[in-house]
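Contents: one structure, followed by commentary.
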Amino acid sequence: MSSVVVITGSAGLIGSEAVRHFAGLGMDVVGLDNDMRGYFFGADGSTKGNLERLTKEIGDRYTHHGIDIRDREGLDKLFAGLGKNIGLVIHAAAQPSHDWAAREPFTDFDVNAVGTINMLEATRRHAKDAPFIFTSTNKVYGDLPNSLPLIEQDTRWELPADHKWYGGIDETMSIDQCLHSVFGASKVAADVMVQEYGRYFDMPTAVFRGGTLTGPGHSAAELHGFLAYVMRCVMEQRLYRIFGYKGKQVRDAIHSSDLVSAFEAFHAAPRVAEVYNMGGGRTSNCSVLEAFQIASSIAGVEAQTEYVPENRVGDHQWWISSTARFEEHYPDWSVKYDVPMILQDMYESNKDLWKP
Ligand SMILES: NC(=O)c1ccc[n+]([C@@H]2O[C@H](COP(=O)([O-])OP(=O)(O)OC[C@H]3O[C@@H](n4cnc5c(N)ncnc54)[C@H](O)[C@@H]3O)[C@@H](O)[C@H]2O)c1
């Protein structure tokens, strides 16, 4: 069996979790990351520290390349050298923020959309049979989830229990004719292209549309990394600004290790041109207000929050993913972490780092 896994965004939250996981399974990992997160979000966002920890921890099984995924020739050369040894590609490098994308639409599109076709084409030319996993986003559904008939409860917005998507929104929701944000649109382009390389070229590609992906490896920044930033603000006694929806907006959250175990299941039994909504579902979800209640009780301190009535453009008022399609294809997989466990894990991992 081909034993090299190529992982882009290898120093980021999902990439670094995937590096650890697949190296732990005995695969050689080739990681690509140019620390562009530092450019996007400043020093708070840099993944340089993650990379240093990773290189020390994994040793010889990990080889790092600072290649930019916009560098088509660089990617082609790297893939040509590895050739058929490549047994899996996980493409997790991206410009991941809604709000940032509007600052530099060309950069956002070049990284998210063009970077993805660069990766697909390098794979098609040199390792066509390797499963190709792409981390898409639920933002491909734009603001359509906001048209759901939500009801207001004490601490959250909620769907009526008899609604077909009460258990979570599935992949049949349209991605068309709605407001996406510049980021959402560049991810749609990448998402559809990954499907197309599956259908048109018969490659084993899969799109994982994440909700809130999170875990202790998150370099928490205000513009990206919701739960990590909540925990960090509580622990550092920093002011957190809640944008709109009375703070009752609901997200489901999936721990990076649960996501990566889904990647492993796909790698073991790949399919062609699949699309999966991927999140914590009904097991792991919370509103912003509820996240603060849980984080404050874990840290034993009051949260400092400020309410800004205007919501973020295209922000979801309620999102819970249905993972039924994935579970039907991979019945051994399930979510292991819920929100309190995720926040506890963040607290333990960062208690020497995040102080008032
Ligand atoms: N974290 C979430 O809540 C979430 C939710 C839905 C989807 N996603 C998607 O999952 C993927 C991974 O997200 P994450 O949270 O791990 O992000 P992250 O920012 O932690 O990691 C991405 C990594 O990619 C690197 N990178 C960015 N541009 C690059 C380029 N041009 N060349 C090489 N490397 C580059 C960054 O330096 C960073 O280390 C992204 O595609 C993101 O859109 C994330």
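All ligand and atom numbering here is 1-based and tracks the order in the structure.
In this structure, F263 has its ring center no closer than 6.0 Å to that of F22. Taking the six-membered ring wherever Trp is involved, the centroid distance between the rings of H126 and F79 does not fall below 6.0 Å. Checked against a 6.0 Å centroid threshold, the rings of F326 and W333 count as neighbours. Ring centroids of F132 and Y197 are separated by 6.0 Å or more, keeping the two rings apart. Here the two rings, on Y141 and H316, have centers that are 6.0 Å apart or farther.
Note on E236 versus K355: no salt bridge recorded, every NZ/NE/NH1/NH2 to OD/OE distance being 4.0 Å or above. Ion pairing between a basic and an acidic side chain is recognised when a charged N comes within 4.0 Å of a carboxylate O; R251 and D315 show such pairing.
The shortest N/O to N/O separation between A93 and ligand 1 does not fall below 3.5 Å. Polar contact with ligand 1: present for I69 (N/O pair, distance under 3.5 Å). In terms of N/O distances under 3.5 Å, ligand 1 is not approached by G210. Considering backbone and side-chain atoms alike, T135 places an N or O below 3.5 Å from some N or O of ligand 1. Between T212 and ligand 1, no N or O atom pair is found at a separation short of 3.5 Å. Of the N or O atoms in G15, none lie within a sub-3.5 Å distance of an N or O in ligand 1. For ligand 1, the polar-atom distance check against Q95 finds no nitrogen or oxygen pair separated by under 3.5 Å. Taking distance alone, with nitrogen or oxygen atoms compared against 3.5 Å, V111 stays at or beyond that limit from ligand 1.
Using a 3.5 Å distance cut-off with no hydrogens or angles, the side chains of Y166 and E158 do not pair a donor with an acceptor. T283 and D338 are not linked by any side-chain donor-acceptor pair at a separation below 3.5 angstrom, with hydrogens and angles left out of the test.
In this structure, G66 falls outside the shell of residues with a heavy atom less than 4.0 angstrom from ligand 1. Heavy-atom separations between A92 and ligand 1 include at least one value shorter than 4.0 Å. Taking a 4.0 Å cut-off on heavy atoms, I67 registers as neighbouring ligand 1.
Here the straight-line distance linking atom CD1 of I69 with atom NE2 of H91 works out to 4.5 Å at 0.5 Å rounding.
In this pair, Y240 and F292 present their aromatic rings perpendicular. The plane angle is above 60°, beyond the 30 to 60° band.
Those atoms of ligand 1 that come under 4.0 Å of a heavy atom in T47, given as number and element, are 37 (O), 39 (O). Atoms of ligand 1 lying under 4.0 Å from any heavy atom of D35, numbered from 1 in the order shown and given with element: 37 (O). Every atom of ligand 1 is numbered from 1 in the order shown, and the set under 4.0 Å from a heavy atom of N34 is 26 (N), 29 (C), 30 (C), 31 (N), 32 (N), 33 (C), 34 (N), 35 (C). Short contacts between ligand 1 and P96, defined as distances under 4.0 Å to a heavy atom of the residue, involve ligand atoms 19 (O). Against a heavy-atom cut-off of under 4.0 Å, S136 is close to the following atoms of ligand 1: 6 (C), 7 (C), 8 (N), 9 (C).
In this structure, the side chain to side chain contact (heavy atoms under 4.5 Å, CB included) partners of D170, at least two apart in sequence or on a different chain, are W165, T172, S322.
With a 4.0 Å cut-off on non-hydrogen atoms, L13 touches ligand 1 through its backbone as well as its side chain. With a 4.0 Å heavy-atom cut-off, ligand 1 is reached by no atom of K139.
With hydrogens and angles ignored, the 3.5 Å screen pairs a side-chain donor or acceptor of N277 with a backbone N or O of I169.
Taking all heavy atoms of G211, A94, S10, G74 into account, the minimum distance to atom 27 (C) of ligand 1 is reached by A94. The residue among G38, S256, G12 with a heavy atom at the shortest distance from atom 21 (O) of ligand 1 is G12. Of the candidates D33, D110, L32, I14, it is D33 that places a heavy atom closest to atom 37 (O) of ligand 1.
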